*Asks:* 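Right, I'll just put the structure down here and ask away after.
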Amino acid sequence: MASWAETLQRTVYTTKEGAAPGHPLCSSMLSVGSDHGTVILDHAVYAENLPGTFERTR
Amino acid sequence: MTLAKIDAEVARVLASMRCRSAFLHYRAGRSPPFPSHACLSVNECVVHGTAGYLERPLVHGDVLKLDIGVVHNGWIGDAAWTYVFGEPRPEVRALMDCGIESLRRGISQLRPGKTFEDWARAVQGFVEGERGYFLVRGLGGHGYGRKLHSPPFISNVLVQFPETWEDGKLPCRPGTLVAVEPMIAAGTSGVVQHKNAWPVFTSDGSMSVHYEHDVLITEDGPRVLTEGMEQLPDVIA
């Protein structure tokens, strides 16, 4: 079982990773476009095999 | 623990991470501005629960859907997971596992050569075809990025009249950011919502779960940006 404080902190942190250009797995986003309102990220370059992003960055 | 206390803690954590809530004061249709930092939905409340809609303390066995939207450096993150207070009853655990697996199966379809109908086919086939639960109608996933909601709308079910879901025919194009989110109830696909209120409830009062990931579609397939959610214990002391 997890504590509420830890769960909330990690949930917020993980959600923040969804803000794509700030995602720790995205080492760069070279351009951003759109297609009829849909956000299109071009040339997302990943730094692969980075485990435990929350543990690594907090 | 109450929803109000949880929402206050979410606000504090958001501020500590130099983010702000994407949900607070959000407006949709005729609904009033959303009053909370997070969507906090308990048991038969499927989604869009507010910090004040349930005043009683949460008790052993309560199932909480925690949906958080953040704005970080001008970009949105939007993810949800289902947590339970104390060890869940077997039927609740089965519903939660169904939600997690449906999300995984659907996301596996988000790759070049597929359409968003393939997402819906995979999710519905598993949830309703294999497990016998019900996907909530009328709600679904969406594109996101600098805005919380943008095209395409991503239904969790195939529709009877394809012209009513034009986005379902769209190809999964590399570079597209989507927030996908099965919403599942144990007993019904119907929901009720009080006039000028945000919370959405199962129409029969049955238990519900909600899981949401942010996904970037790439040439090589889906990349789950919020994959860390799956590593969190979902049973809360």
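Labels below follow one simple rule: chain letters A, B, ... track the order of the sequence lines, proteins then strands, and each chain is numbered from 1. Just so it is clear, the structure is predicted and the values come from calculations on it, not from any experiment.
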*Asks:* Taking all heavy atoms of Lys16(A) and all of Val70(B), pick out the closest pair and write down the distance.
*Replies:*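 Result for this residue pair: CA-CG2, 3.6 Å.
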
*Asks:* Below 4.5 Å from any heavy atom of chain A, which atoms of Ile217(B) appear? Answer side chain, backbone, both or neither.
*Replies:*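 Answer is neither: Ile217(B) stays 4.5 Å or more from chain A.
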
*Asks:* May I ask you to check whether over 12 heavy atoms, not counting those of Arg20(B), lie within 6.0 Å of atom CZ?
*Replies:*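 Not buried by this count: 12 neighbours or fewer within 6.0 Å.
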
*Asks:* Check side chain to side chain contact (heavy atoms under 4.5 Å, CB included) between Glu117(B) and all other residues, then give those that pass, not counting sequence neighbours.
*Replies:*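 Glu117(B) satisfies side chain to side chain contact (heavy atoms under 4.5 Å, CB included) with Thr115(B), Arg121(B), Leu158(B), Trp165(B), Lys169(B) only.
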
*Asks:* Do Thr15(A) and Met229(B) come close enough that some side-chain heavy atom pair is under 4.5 Å?
*Replies:*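 Answer yes - side chains close enough.
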
*Asks:* What part of Arg12(B) gets within 4.5 angstrom of chain A, counting heavy atoms only: side chain, backbone, both, or neither?
*Replies:*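 When you check distances to chain A, no heavy atom of Arg12(B) falls under 4.5 Å.
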
*Asks:* With a 4.5 angstrom heavy-atom cut-off, which part of Glu87(B) approaches chain A: side chain, backbone, both or neither?
*Replies:*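 Both backbone and side chain.
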
*Asks:* Are Gln9(A) and Met17(B) packed together at the side-chain level, in the sense that at least one heavy-atom pair is separated by less than 4.5 angstrom?
*Replies:*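 Yes, their side chains come closer than 4.5 Å.
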
*Asks:* Under a 4.5 Å heavy-atom cut-off, does chain A meet the side chain of Ile236(B), its backbone, both or neither?
*Replies:*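 Ile236(B) touches chain A through backbone and side-chain heavy atoms alike.
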
*Asks:* To the nearest 0.5 Å, what is the distance between OG1 on Thr7(A) and OH on Tyr83(B)?
*Replies:*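 So the OG1 of Thr7(A) and the OH of Tyr83(B) are separated by 6.0 Å.
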
*Asks:* Please round to the nearest 0.5 Å and tell me the distance separating atom CZ of Arg10(A) and atom CG of Leu232(B).
*Replies:*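 Arg10(A) atom CZ to Leu232(B) atom CG measures 5.0 Å (nearest 0.5 Å).
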
*Asks:* Residues two or more places apart in sequence or in another chain: which of them pass side chain to side chain contact (heavy atoms under 4.5 Å, CB included) with Arg111(B)?
*Replies:*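 Listed in chain order: Lys114(B), Pro222(B).
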
*Asks:* Would one find more than 12 heavy atoms of other residues, nucleotides or ligands at under 6.0 Å from atom CZ of Arg56(B)?
*Replies:*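 Yes, CZ of Arg56(B) has more than 12 neighbouring heavy atoms, counting only those of other groups under 6.0 Å.
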
*Asks:* What's the shortest heavy-atom distance between Gly18(A) and Tyr144(B), and which atoms?
*Replies:*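 Distance-wise, the nearest heavy atoms are O-OH, 2.7 Å.
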
*Asks:* Does Trp4(A) reach the side chain of Leu64(B), with side-chain heavy atoms less than 4.5 Å apart?
*Replies:*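 SC-SC contact between Trp4(A) and Leu64(B) confirmed.
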
*Asks:* Enter the distance from Leu8(A):CG to Lys5(B):NZ here, rounded to the nearest 0.5 Å.
*Replies:*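 Here the rounded value is 13.5 Å.
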
*Asks:* Counting N and O atoms only, with roles assigned by atom type, does the side chain of Tyr13(A) sit under 3.5 Å from a partner on the main chain of Val13(B), one being a donor and the other an acceptor?
*Replies:*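 Checked: no pair found.
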
*Asks:* Answer yes or no: does atom CD of Glu55(B) have more than 12 heavy-atom neighbours from other residues, nucleotides or ligands under 6.0 Å?
*Replies:*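 Count not over threshold, so no.
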
